[in-house]
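Report on the structure given below.
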Amino acid sequence: MSLQGKRIVVGLGGGIAAFKAVQLVRELMRRGAEVRVVMTEAAGRFVGPITFAGLTGKPAVTDLWAEDYAGEVHVELGEWADAIVIAPATMNLMARATSGQANDAVLATLACARGEVFFAPAMHHRMWSHPATQLNVRLLTERGAVVLGPVTGPLANGEVGEGRMLEPDDIADAVESRLAHTDDLKGTRVLITAGPTHEDLDPVRYLGNRSSGRMGYAIAAQALRRGAEVTLVTGPVQLPAPTGAEVVSVRSAQQMHEAVMSRFDRFDVAIMAAAVADYRPAQRATHKIKKGGGLKLELVRNPDILADLGAKRGSQPSVLVGFALETENLEQAARDKLEQKSADLIVANEASSGLGQDTNRATLVDASSASPLPEMSKRALADQILDRVRALLKHPSRKPRHEAERGAPN
Ligand code: CTP
């Protein structure tokens, strides 16, 4: 009964895969969850609300205006649910969800979601690969939802392509593994750096790099979801601030250094995911540099935030995590960095993977092991990193101060 005590809303869009939602509801209940169903009008054309009422013992919500729901059913369900699983998620339903519409029972409930949100898309492969759908998937993911699948397989019209909904068992597995983590970092104070730094040359130009900040932001989002108190020191990025984090925006490596060093002794964990510029222009021109002949720039070294933190940390943070981007000898280079910067864990990436992308392939290197991970989403990698951090925190020699005071963690 792995989902014992969990409250899950299954929301159906109008697609042929709606019949699989029946199995999904059964599977979630079999694992111990309490399930309520909301459906769009179109979903009702594929499978009847009576089926879900019979399974769950509660009426399926199909209409926000039905007289038998006293109060605001979408607000109640959004508040009640630990997770909302939209299956099937049609092209139309995802588009409406992204644009913030709330004009039916499913969308209004989604808009009130307090817990985790999952979408299991199901559609024709051309609808799936449509740029509008792909953009919506990115937006939903950026806003914290989890998009599960689709997979490649036979579609409703007999064609084979990418657009088939994940099987109910696989959806239930994903929901289960995500809900399992909830609150396991409660009370842990986590400092994260993210994004690039911009080193100004003059009032309009800077030296920078292609880091999108997504890795650090994913770690912040996952740490928050797992109950941590998060401070995110971020370079210039185009990402929405994770809800619930203290966000400190900086521009240059020196500013990031200052922001981190003035705070680190308040944290149990520090994760340095920023792509900090190693050099900055020796002079920042007060006026825009005019073109002439050639131009020679003199650069000077920036402080190494991770190394300074490693050198000065004393007992805090209890766990220090760095990243390494390498083109060769990945593991050895990561191990060297682990020692040189006195870190506890290095997340090592090959230079070909990660930067500016949605997925990452990394090897986690600590003092005694190196674990190569398969390619995965930055969010999934964030959870793997946090799992390691949690294991390091639980080590008797490294109890965070607040836990040592309170007694053993669960
Ligand atoms: N880092 C930092 N401050 C810097 C440079 C790097 O905090 N001035 C941190 C990054 O946030 C990351 C790790 O150090 O956690 C990355 O190191 P890497 O990218 O490999 O760069 P360097 O340590 O500068 O090593 P290299 O000589 O390989 O560039």
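Each ligand, and each atom within it, is numbered from 1 in the order the structure gives. Computed from a predicted model, the values in this text were never measured in an experiment.
- Protein heavy atom closest to atom 8 (N) of ligand 1, with residue, atom name and distance, is Pro303 O, 2.9 Å.
- Put simply, atom 11 (O) of ligand 1 has protein non-hydrogen atoms near it, under 4.0 Å away.
- The closest protein non-hydrogen atom to atom 4 (C) of ligand 1 is Val276 CB, 3.5 Å.
- Partner of Ile385 under the side-chain contact (heavy atoms from CB on, under 4.5 Å) criterion, chosen from Asp383, Leu381, Asp387: Leu381.
- Remark: Arg26 CZ is loosely packed, at most 12 non-hydrogen atoms of other residues, nucleotides or ligands lying under 6.0 Å away.
- For ligand 1, none of its N or O atoms has an N or O atom of Ala273 under 3.5 Å away.
- By the 4.0 Å N-to-carboxylate-O rule, Asp202 lies too far from Arg284 to be salt-bridged with it.
- Of the N and O atoms on the side chains of Ser252 and Glu199, not one donor lies less than 3.5 Å from an acceptor on the other residue.
- Ligand 1 lies out of reach of Ala343, whose nearest heavy atom is not under 4.0 Å from it.
- Scanning for ring-ring contact (aromatic ring centres under 6.0 Å, His included) contacts around His198 gives Tyr206, with sequence neighbours left out.
- The shell of residues lying under 4.0 angstrom from ligand 1, judged by heavy atoms, includes Asp304.
- Scanning the protein for heavy atoms near atom 16 (C) of ligand 1, the closest one is Phe323 O, 2.8 Å.
- Between Ala253 and ligand 1 there is no heavy-atom distance shorter than 4.0 Å.
- Between Ala324 and ligand 1, a contact under 3.5 Å exists for no N or O pair.
- Here Lys341 has side-chain heavy atoms under 4.0 Å from ligand 1, and that is the only part of it that gets that close.
- Of the protein's non-hydrogen atoms, the one nearest atom 28 (O) of ligand 1 is Lys337 NZ, 3.1 Å.
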Residues Arg313, Asp344; criterion salt bridge (charged side-chain N to carboxylate O under 4.0 Å, His left out); working and verdict
CA-CA 12 Å; Arg313 70 199 257 208; Asp344 302 300; 2.7 Å; yes
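- Using a cut-off of 4.0 Å between Lys/Arg side-chain N and Asp/Glu carboxylate O, Arg31 and Glu27 are scored as salt-bridged.
- If you look at Ala275 next to ligand 1, there are no close heavy atoms at all, none under 4.0 Å.
- Ion pairing between a basic and an acidic side chain is recognised when a charged N comes within 4.0 Å of a carboxylate O; Glu229 and Arg189 show no such pairing.
- In Gln283, the CD atom is not crowded: 12 or fewer heavy atoms of neighbouring residues, nucleotides or ligands sit closer than 6.0 Å.
- Close contacts of ligand 1 with Gly322, meaning ligand atoms under 4.0 Å from a residue heavy atom, involve 15 (O).
- The closest protein non-hydrogen atom to atom 3 (N) of ligand 1 is Ile305 N, 3.0 Å.
- Listed by number with element, the atoms of ligand 1 under 4.0 angstrom from any heavy atom of Ala274 are 10 (C), 11 (O).
- The nearest non-hydrogen atom to atom 29 (O) of ligand 1, considering only Asp278, Leu325, Leu306, comes from Asp278.
- Using a cutoff of 4.0 Å between basic side-chain nitrogens and carboxylate oxygens, Arg251 and Asp200 are scored as salt-bridged.
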